[in-house]
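The structure under discussion appears below in the form of structure tokens.
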Amino acid sequence: MTSPQALRGTSDLLPGDLARWDAVERTTRAMARRYGYQEIRTPVIEDAALFLRSVGETTNIVQKEMFSFQDRGERTIVLRPEGTAAVVRAYLEHNLHKTQGFAKLFYLGPMFRAERPQAGRFRQFHQFGVEAIGSSSPWLDAEVIALGVEMLKCCGASDLTLLLSSMGCRSDQAASAKQLRTRLAPHRAKLCKDCQSRFDKNIFRVLDCKNPACHQLAWDIKGSPFILCADCRRHFDDVRRALRAVGIAFDDTAVFARGLDYYTRTVFEIRARALGAKDAVAAGGRYDHLIEELGGPPLGAIGFAAGIERLLMAAADGAAAGEAAQRTGVYVAVADPALLGRVFPIVQRLRGRGVAASLDYEGRSLKAQLREADRLRCRSVAILGEQELTDRTVTVKDLEQGSQRTLALDQFVETA
Ligand code: ATP
Ligand code: MG
């Protein structure tokens, strides 16, 4: 009989992998809090309409990548493909616009996209993201971008490039789309099928297309395809000035856009050399109309999301890997399984004090238990035999320093 296997594009994270995940999750949470962002958790399933209304009908995510199904009430449910729309929905549903107005939120969790699985591209993947809702200040753009860059660096990613652009406001976008259509019209036949079919509805998609031919055509356009009004130009200048003031380097010369419908003004991507030229570790931008489009008041907002799997690839030898090596906790080695009745309560006392403690129930030899302690990366081994239990002492081997000493048992339990 064949054994069941995980679905393509999904992965099991085994204890050996999770040390790095845990380090990244702790670092991203700590960074977000340092910048004043609070955690929010939204459900993994949402009404499909949420993403149609926000991400947009002509986008890859909605057209091809959503896992959807009919529930018992015949509604179309999707496994969330991204975080922004869900966070804005929750912000409005819980009246945060009335009770606090400005909100800085972050999330960490799984997202789902029905993509062709390949390196750095999965069907279930994880994102850390932030959303700052209720302000149009360019300083906020700089804050969010700085948080993105610093967070990635802190997790051990290096050789990062920040691509920065402004897609302008809605009326700028209408003018830019018209101009881009005119410029690309002679080359329409050279575009991929998707870009051709979205030519009239979502021409910016060409700028975000993975197809090299489409990409090349977009690159051949001289200068930015975006026409900015005076306000948007000022906003973009202010963002760049704020980033320069805090020493965050960026490249604002690339022709680049974000394919989702909700973006306005500032958009950015952070790439890592380790991932190659085409895949970003993190991406985001402003979405100044989304709150209104989902039924709320007109409020400016900006956010980004970083893919944790790609971040771990970009940080392969970095700090995130380093933390896993630390030894913690005690392995309580039992000389004879007949003593378990007396040792088990001692282990529970240690755990009760918050000390990680492990022990063997299988009657393995002391040597095997020491090997196990090393494999589990325990900091020390406490050896308990008949003699020790009678004398209320314990022999403690420090696995980090290789030293050994005998202590009073109660003192050890109280201070370990
Ligand atoms: P791409 O252009 O690589 O398809 P995207 O524009 O679809 O990315 P976003 O929706 O902006 O990506 O998501 C932000 C980040 O989430 C990406 O930069 C990436 O790190 C991660 N990400 C997106 N899709 C996947 C996926 N299928 N597998 C793993 N990570 C992903
Ligand atoms: Mg994608």
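Read the numbers this way: they start at 1 and go in the same order the structure lists the ligands and their atoms. All residue numbers in this chain count up from 1 along the given sequence. For clarity, every value in this text was computed on a predicted model and none was experimentally measured.
Given atom 4 (O) of ligand 1, the protein heavy atom at minimum distance is Arg121 NH1, 2.8 Å. At the top of the distance list for atom 27 (N) of ligand 1, counting protein heavy atoms only, stands Glu115 OE2, 2.6 Å. Closest protein heavy atom to atom 8 (O) of ligand 1: Arg310 NH1, 4.4 Å. For atom 9 (P) of ligand 1, the closest non-hydrogen atom on the protein side is Arg258 NH2, 3.6 Å. With respect to atom 12 (O) of ligand 1, the closest heavy atom belonging to the protein is Arg113 NH1, 3.7 Å. Among all non-hydrogen protein atoms, the one lying nearest atom 18 (O) of ligand 1 is Ala280 O, 3.1 Å.
When the heavy atoms of Phe128, Phe112, Phe125 are ranked by distance to atom 30 (N) of ligand 1, first place goes to Phe125.
The pair Asp47-Arg75 does not count as a salt bridge, with every side-chain nitrogen at least 4.0 angstrom from each carboxylate oxygen. Using a 4.0 Å cut-off between charged side-chain N and carboxylate O, Glu293 and Arg89 make no salt bridge. Residues Arg371 and Asp374 are not paired through a salt bridge, judged by the lack of any N-O separation under 4.0 Å between the basic side chain and the carboxylate. Between Arg26 and Asp22 a salt bridge is recorded (basic side-chain N to carboxylate O distance below 4.0 Å).
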N/O donor to acceptor pairs below 3.5 angstrom from side-chain atoms of residues 296-310, sequence neighbours left out:
from, atom 1, to, atom 2, distance (Å)
Glu309, OE1, His126, N, 3.0
Glu309, OE2, His126, N, 3.3
Glu309, OE2, His126, ND1, 2.8
Arg310, NE, Gly120, O, 2.7
Arg310, NH1, Ala280, O, 2.9
Arg310, NH2, Gly120, O, 3.1

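At a 4.0 Å heavy-atom cut-off, ligand 1 does not touch Met111 at all.
A side-chain hydrogen bond (donor to acceptor under 3.5 Å, both in side chains) with Asp279 is found for one member of Gln118, Arg121, Arg271 and no other, namely Arg121.
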